[in-house]
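Notes to accompany the following structure.
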Protein chains: 2
Amino acid sequence: MTLKQLAKELNLSFSTVSKALRDSHEISAATKSRVLAKAKALNYQVNPLASSFRKQKSKTIAVIIPEVVNDFFGPVISGIESIAQQKGYHVLIYLTHEDVEREIAITQVLQNGRVDGVLISLSEQTTDTTHLDNVRQKEIPVVYFDRIVENTDAPKVTTDDYCSGFNATEHLIQHGCKRIAFLSISQNLSISHKRLKGYEDALNKNGIKVHTNLIISCERDDEKCAATIRKLLKQKNRPDAIFAAVEKLALKTYEICHELKLNIPTDVKVITFSNSYTAALLNPSLTTITQPAFEMGNEAATILFKMIEKKGYQSMKEATTLASQLIVRSSTK
Amino acid sequence: MTLKQLAKELNLSFSTVSKALRDSHEISAATKSRVLAKAKALNYQVNPLASSFRKQKSKTIAVIIPEVVNDFFGPVISGIESIAQQKGYHVLIYLTHEDVEREIAITQVLQNGRVDGVLISLSEQTTDTTHLDNVRQKEIPVVYFDRIVENTDAPKVTTDDYCSGFNATEHLIQHGCKRIAFLSISQNLSISHKRLKGYEDALNKNGIKVHTNLIISCERDDEKCAATIRKLLKQKNRPDAIFAAVEKLALKTYEICHELKLNIPTDVKVITFSNSYTAALLNPSLTTITQPAFEMGNEAATILFKMIEKKGYQSMKEATTLASQLIVRSSTK
DNA sequence: AAATTTTTCGACAACGTTGTCGTAAATAAA
DNA sequence: TTTATTTACGACAACGTTGTCGAAAAATTT
């Protein structure tokens with residue numbers, strides 16, 4: 001059932017029918033309702049491929065994320081999707097698997113009208129973002145969230161990573177910790193930087209020297225990761241607290257502590273960034289800095305749609321910061 | 001940069017250029033390489049909107065799932081996306097939030113060429129699937145996964161829910177349990193049915209009477225859910241084991257047990273379907289039936305692409321069953 | 001009643017691509 | 001050499017929709 005067929009049924013020109021369906025002021029109320037009724041009766045629906053092609057608007061956005069196998073990106077997607085569904089937009093999802101080459105390949109494919117906007121959380125390998133600047137040059141708005149890049153005038157949505165890092169560290173210090181190790185995954189990510197800066201500043205403020213050998217960047221590989229943590233906790237001068245920048249590292253720490261018969265929190269206190277519901281149920285329950293993941297998706301999508309809908313999106317360069325929550329549980333008591 | 005502009009640069013007709021780019025046998029090797037070189041030099045990319053429209057193929061599939069905020073659907077998406085990326089397809093994601101009306105609205109939107117295929121895991125409210133039959137009638141293949149519908153000849157991918165239910169129950173019986181409660185969320189879902197059937201058959205086989213008041217279907221609402229479990233565990237004749245059909249209910253059980261000072265596994269043993277990595281780290285570690293989520297996404301996508309690519313997809317009606325894994329931990333020892 | 005404006009609709013040309021068909025030129029078969 | 005066949009390209013018409021423009025008909029103003 002196409003527009004032309006519908007028009008023939010109605011004895012109207014197809015341009016009239018088209019305008020009637022889109023509630024154009026050029027069409028009388030009488031014919032509008034006649035068209036609408038017939039369209040409903042014959043279950044006519046516009047062909048989105050044709051419509052998108054004609055208008056050069058896809059009514060689709062892309063979400064590019066490293067992976068979706070943790071408790072952070074799931075809610076983020078949910079937050080994005082709820083706004084998109086509201087606005088009548090469709091959501092394409094792409095996973096980079098932390099691979100910058102894939103990230104580049106994906107952005108390449110988006111450059112030609114397939115999407116009207118892009119939401120991205122960078123891969124841990126990404127240092128340069130010309131591939132995203134290329135997208136933006138094609139008038140396709142880009143919003144960064146969580147894993148952002150600093151030196152861009154594109155809008156970004158993050159949580160207050162510096163404050164969270166600072167507060168988490170002070171929390172440990174207040175509970176008597178002197179040798180606090182900082183575990184993160186990638187040196188490239190701005191979130192790692194900021195969390196680390198918060199950590200360092202908190203130590204300095206409290207008169208604790210920053211030991212670079214307590215600042216550890218783990219590999220992606222699960223085994224190497226475990227080995228690093230094991231080595232850290234086995235050394236004579238072992239840290240009395242672990243501050244993990246990502247949940248995975250905290251869970252590995254739990255495993256290793258169990259293996260080495262180290263008690264949490266007596267021997268080692270543990271704090272981590274995490275959005276996992278099960279943190280409260282761990283043994284011992286895990287103190288977390290929990291990010292407002294759903295809200296972050298929501299906020300990023302809202303900004304993106306503003307940019308898509310208004311043309312003056314060039315002006316939108318603000319950085320939005322959402323507050324994370326420090327949830328104190330047994331692992332730091 | 002369009003095809004026409006590219007053709008003008010090359011002093012060729014745009015149909016020649018089009019054919020050269022798609023490696024048509026009608027074009028000589030010499031001009032092909034000339035075209036390809038120029039296209040690369042000018043960074044020409046086909047307009048996907050135009051191409052899709054012309055061919056009436058979107059190179060896009062839809063994934064419709066209830067939600068993405070648990071450890072099951074995340075890996076499923078990952079499994080789907082990896083195949084799609086391989087095949088050069090794009091993945092649209094839609095969340096029903098367990099709402100059948102939304103599910104219907106979503107399928108409505110997909111009917112007109114926006115996607116070449118659909119992967120779906122039904123909402124817990126869905127009993128009737130004419131909305132998906134409508135999609136299939138429009139020659140758009142549909143593959144069901146995990147939360148499927150029985151009475152359809154569309155392909156379906158599930159895990160061996162009956163066996164898992166049976167084995168989990170026998171596992172509890174072998175550990176001395178007599179009063180095993182079965183907790184699920186929806187009566188509509190075929191997975192719930194099958195898991196329940198496995199539970200019942202295991203009881204019968206072992207000479208244990210099936211008590212209908214131990215078969216409990218929880219509401220979606222978190223509070224009501226907790227109240228139901230609390231009531232169950234507070235009664236004089238309380239069950240000595242909980243078999244949860246979904247992870248959420250097992251975690252709620254943990255919470256309530258903590259609240260009521262009931263010891264797991266001494267007072268109550270707990271087993272659940274779950275894909276959570278943290279199950280091993282809970283207090284006590286949680287015995288799970290773990291589904292091969294990533295593989296399920298992979299398998300479903302593979303079948304869908306076969307149907308999309310071959311025209312003889314009408315013949316594909318098989319049901320694929322993947323094996324789940326019973327991982328015994330402390331909560332049932 | 002004439003002139004002007006508004007309302008309401010139809011004709012038509014895009015949007016960029018793909019596939020069919022026609023047709024020269026080049027090659028092969030008669 | 002003539003005829004048949006293949007090769008290599010161009011012309012052109014779609015695909016279904018939207019937006020511009022023109023023009024009758026109706027309503028309004030002079």
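Throughout, a chain's letter reflects where its sequence line sits, starting with A, and its residues are numbered from 1.
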Contact list (N/O, under 3.5 angstrom) for nucleotides 7-11 of chain D vs protein:
from: D:dC9; atom 1: OP2; to: B:Ser28; atom 2: N; distance (Å): 2.8
from: D:dC9; atom 1: OP2; to: B:Ser28; atom 2: OG; distance (Å): 2.9
from: D:dC9; atom 1: OP2; to: B:Thr31; atom 2: OG1; distance (Å): 2.8
from: D:dC9; atom 1: N4; to: B:Glu26; atom 2: OE1; distance (Å): 2.9
from: D:dG10; atom 1: OP1; to: B:Ser13; atom 2: N; distance (Å): 3.2
from: D:dG10; atom 1: OP2; to: B:Ser13; atom 2: N; distance (Å): 3.0
from: D:dG10; atom 1: OP2; to: B:Ser13; atom 2: OG; distance (Å): 3.0
from: D:dG10; atom 1: OP2; to: B:Thr16; atom 2: OG1; distance (Å): 2.0
from: D:dG10; atom 1: O6; to: B:Lys19; atom 2: NZ; distance (Å): 2.6
from: D:dA11; atom 1: N7; to: B:Ser15; atom 2: OG; distance (Å): 3.4
from: D:dA11; atom 1: N6; to: B:Ser15; atom 2: OG; distance (Å): 3.3

Expected rows: protein N/O vs nucleotides 23-27 of chain C N/O, under 3.5 Å:
none

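Regarding contacts with the backbone of D:dT17, every side-chain N or O of A:Arg22 stays at 4.0 angstrom or more from both OP1 and OP2.
Between B:Asn47 atom CG and C:dG16 atom C1' there is a gap of 6 Å when expressed in whole angstrom units. Per the geometry, NZ belonging to A:Lys57 stands 13 Å off P belonging to D:dG19, to the nearest Å. If you take CZ of A:Arg114 and C1' of C:dG16, they are 14 Å apart, rounded to a whole angstrom. Here D:dG19 presents its P atom at 13 Å from CG of A:Leu21, a figure rounded to the nearest Å. Rounded to whole Å, the distance from CE on B:Met1 to P on C:dG16 is 12 Å. The distance from atom CG of B:Leu3 to atom P of D:dA13 is 18 Å, rounded to the nearest whole Å. One can place CG of A:Asp23 at 13 Å from P of C:dT8, the figure rounded to the nearest angstrom. Taking atom CD of A:Gln56 as the reference point, atom P of D:dT17 lies 16 Å away to the nearest angstrom.
For the contact set between residues 35-44 of chain B and DNA chain D, defined by any heavy atom under 4.0 Å, there are no members.
For B:Ser28, the side chain to side chain donor-acceptor pair (under 3.5 Å) partners at least two apart in sequence or on another chain are B:Thr31. By the side chain to side chain donor-acceptor pair (under 3.5 Å) test, B:Ser13 is found to be paired with B:Ser15, B:Thr16, residues two or more places apart in sequence or in another chain being considered. In terms of the salt bridge (Lys or Arg N to Asp or Glu O under 4.0 Å) criterion, B:Asp99 has no residue partners (sequence neighbours excluded). Among residues two or more places apart in sequence or in another chain, the salt bridge (Lys or Arg N to Asp or Glu O under 4.0 Å) test is passed with A:Glu26 by A:Lys19. Partners of B:Glu101 under the salt bridge (Lys or Arg N to Asp or Glu O under 4.0 Å) rule, at least two apart in sequence or in another chain, do not exist in this structure. Taking the salt bridge (Lys or Arg N to Asp or Glu O under 4.0 Å) definition, one finds that A:Lys4 meets it with nothing, sequence neighbours left out.
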Side-chain donor-acceptor distances from residues 140-147 of chain A under 3.5 Å, at least two apart:
from: A:Asp146; atom 1: OD1; to: A:Gln291; atom 2: NE2; distance (Å): 3.1
from: A:Arg147; atom 1: NH1; to: A:Glu98; atom 2: OE1; distance (Å): 2.9
from: A:Arg147; atom 1: NH1; to: A:Glu98; atom 2: OE2; distance (Å): 3.4
from: A:Arg147; atom 1: NH1; to: A:Leu122; atom 2: O; distance (Å): 2.9
from: A:Arg147; atom 1: NH2; to: A:Glu98; atom 2: OE2; distance (Å): 3.0

N/O donor to acceptor pairs below 3.5 angstrom from side-chain atoms of residues 61-75 of chain A, sequence neighbours left out:
from: A:Asn70; atom 1: OD1; to: A:Phe72; atom 2: N; distance (Å): 2.8
from: A:Asn70; atom 1: OD1; to: A:Phe73; atom 2: N; distance (Å): 3.1
from: A:Asp71; atom 1: OD2; to: A:Ser276; atom 2: OG; distance (Å): 3.4

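A donor and an acceptor atom, one from each side chain of A:Asp116 and A:Ser58, are located under 3.5 Å apart.
When distances are taken from the side chain of A:Phe53 to each of D:dT17, D:dG16, C:dT17, the shortest belongs to D:dG16.
The side-chain heavy atoms of A:Gln5 and A:Thr2, taken from C-beta on, include a pair separated by under 4.5 Å.
Within 4.0 Å (heavy atoms only), B:Ser18 reaches at least one base atom of the nucleic acid.
Sorted by first and then second residue, the ring-ring contact (aromatic ring centres under 6.0 Å, His included) pairs with a member in residues 92-142 of chain A read A:Tyr94-B:His90; sequence neighbours excluded.
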